[in-house]
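To start, the structure under review is shown below, and the notes come after it.
Just so you know, ligand 1 is whichever comes first in the structure, and atom 1 is the first atom listed for that ligand. For reference, positions follow the sequence shown, starting with 1.
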Amino acid sequence: MKILVIGSGGREHALVWKIRQSPRTDKVYCAPGNAGIGEMVELVSTRPEEVEKLSDFAEKEKIDLTVVGPELPLTLGIVDLFEKRGLKIFGPNRGAARLEGSKAFAKEIMEENRIPTAAFATFSDPDSAKRYVARKKSCVVKADGLAGGKGVTVCSGREEAEAAIDDIMVRKAFGCAGDKVVVEELLIGEEASFMALTDGEHIIPLASSQDHKRVFDGDRGPNTGGMGAYSPAPVVDPAVHRDILEQILKPLLAGLKRKGVRYQGVLYVGLMITDDGPKVLEFNARFGDPECQPVLMRLKSDLVPLLEAAIEGRLDQVETEWEDGASVCVVLCAGGYPGPYQKEKEIRGLEDLKDWGRGFVFHAGTAKRDDQWVTSGGRVLGVTALGGNTEKAVREVYRAVDRIQWEGMHYRKDIARRALKDKVAGG
Ligand code: AMP
Ligand code: GLY
């Protein structure tokens, strides 16, 4: 098969890495990819949002399967377009991708289907939003549309909430993503990520994981795209797992179906595991980044037949097999990230890890100048290891991290610490 992966981050490197291992794969392309992905497969210099151009490419090159990494092309309707042209593509169509593209839509559908989530109200003008937050001690203010993960502010008082509303609705910090705001109740608990493959009817849960959104150790500092992830997440115990399936995923798919929407692809649920059980923070219409890296590292099964089964509505006929141990991904970032960051810094140590048997270094923001690797993005590398258990995977991953270096590089030293603590506390 000829397979095209769309996107340019660590998630897409992991997808390409896994897809290449499939005996069904003959040739893989990535559009636009990055320098690390370019070491593995042929790059196509088309951006993810150039959906017409991508469909022209897929038709011309007779691509058998296209896999969409990021959310933007999904919300632009890339899947609808490919399907219209008779091209096979993995991912939700435009209507289904609204689950990620509009927080107000996601909240509405959760309310209609009694899916556990934070209490909320939606506003299209700043004054009524401000009147609402005036009565709250704490709340979470969210831009309705896509804001690259930056449209959410956890507020501990009226002033902070008003400032967040002004940012989103008056200053339009996220453009028309801020035409509406959602104000939510603050949930307390531990966060987890849960991804599932679905064909709209059947659900194949993927291994659980946990992201680390804040930039500094101990969950301090501003939010980022994700500083590291590990799988499995012990907080998703069998009871929580059952609740996620029965109270969230099944009613969601049934609710979408009643609206005439078929969801095909990966459904990502961002969760707060509260004392009252799991509650939804957000839905994403794609693999999480960096969660995709450790989760795919643990997937023993061939990914390609799973993606095909999702497209063809046959997920009830496939099974997944997982490595028993754990996988941990540590994201190495450029100096300054998540603010304005440094570029073109020479990266040392990557050659040493070329034959690393127990892990892989996924590239997110690198470039090659002559024969030298340099940084080109905020999140630069996702160093990912597999181990017999979380403790071993953590030790392995940080041993590898120690070999990599560039000026200004920073990363979290406590990825997966929570899972280790749980293990100690739980015996
Ligand atoms: P979101 O993009 O909606 O997942 O929000 C980004 C981050 O904000 C989440 O990962 C949480 O850390 C935090 N967050 C969002 N909504 C809530 C909420 N209702 N209560 C507590 N924290 C939240
Ligand atoms: N790691 C969170 C996300 O992909 O949205």
(request) Mind checking whether Phe287 contacts ligand 2 via backbone (N, CA, C, O), side chain (CB onward), both or neither, at a 4.0 Å heavy-atom cut-off? (result) neither
(request) For His363, check ring-ring contact (aromatic ring centres under 6.0 Å, His included) against everything at least two apart and list the hits. (result) His13, Trp373
(request) Run the numbers for me: atoms of ligand 2, each under 4.0 Å from some heavy atom of Asp211, listed by number. (result) 1 (N), 2 (C)
(request) Show the protein residues that qualify under the rule heavy atom under 4.0 Å from an atom of ligand 1, listing them in chain and number order. (result) Lys103, Ala118, Val140, Lys142, Val152, Glu184, Glu185, Leu186, Leu187, Glu191, Lys213, Met272, Leu281, Glu282
(message) I'd like to know if Asp167 and Lys172 make a salt bridge, using a cut-off of under 4.0 Å between side-chain N and carboxylate O.
(response) no
(message) Does Lys88 have more than 12 heavy atoms from other residues, nucleotides or ligands lying within 6.0 Å of its NZ?
(response) yes
(request) Decide whether an N or O pair under 3.5 Å exists between Lys213 and ligand 2. (result) no
(request) Using a strict 4.0 Å threshold on nitrogen-to-oxygen distance, state whether Asp144 and Lys107 make a salt bridge. (result) no
(request) Would you please indicate yes or no on a ring centroid separation below 6.0 angstrom for Phe287 and Tyr268? (result) no
(request) Look at atom 5 (O) of ligand 2 and find which of Glu282, Glu291, Arg286 reaches it with the closest heavy atom. (result) Arg286
(request) Using the six-membered ring wherever Trp is involved, compare the ring planes of Trp17 and Phe362 and label them parallel, tilted or perpendicular (cut-offs 30° and 60°). (result) perpendicular
(message) Can you tell me if Lys368 has over 12 outside heavy atoms packed within less than 6.0 Å of its NZ?
(response) yes
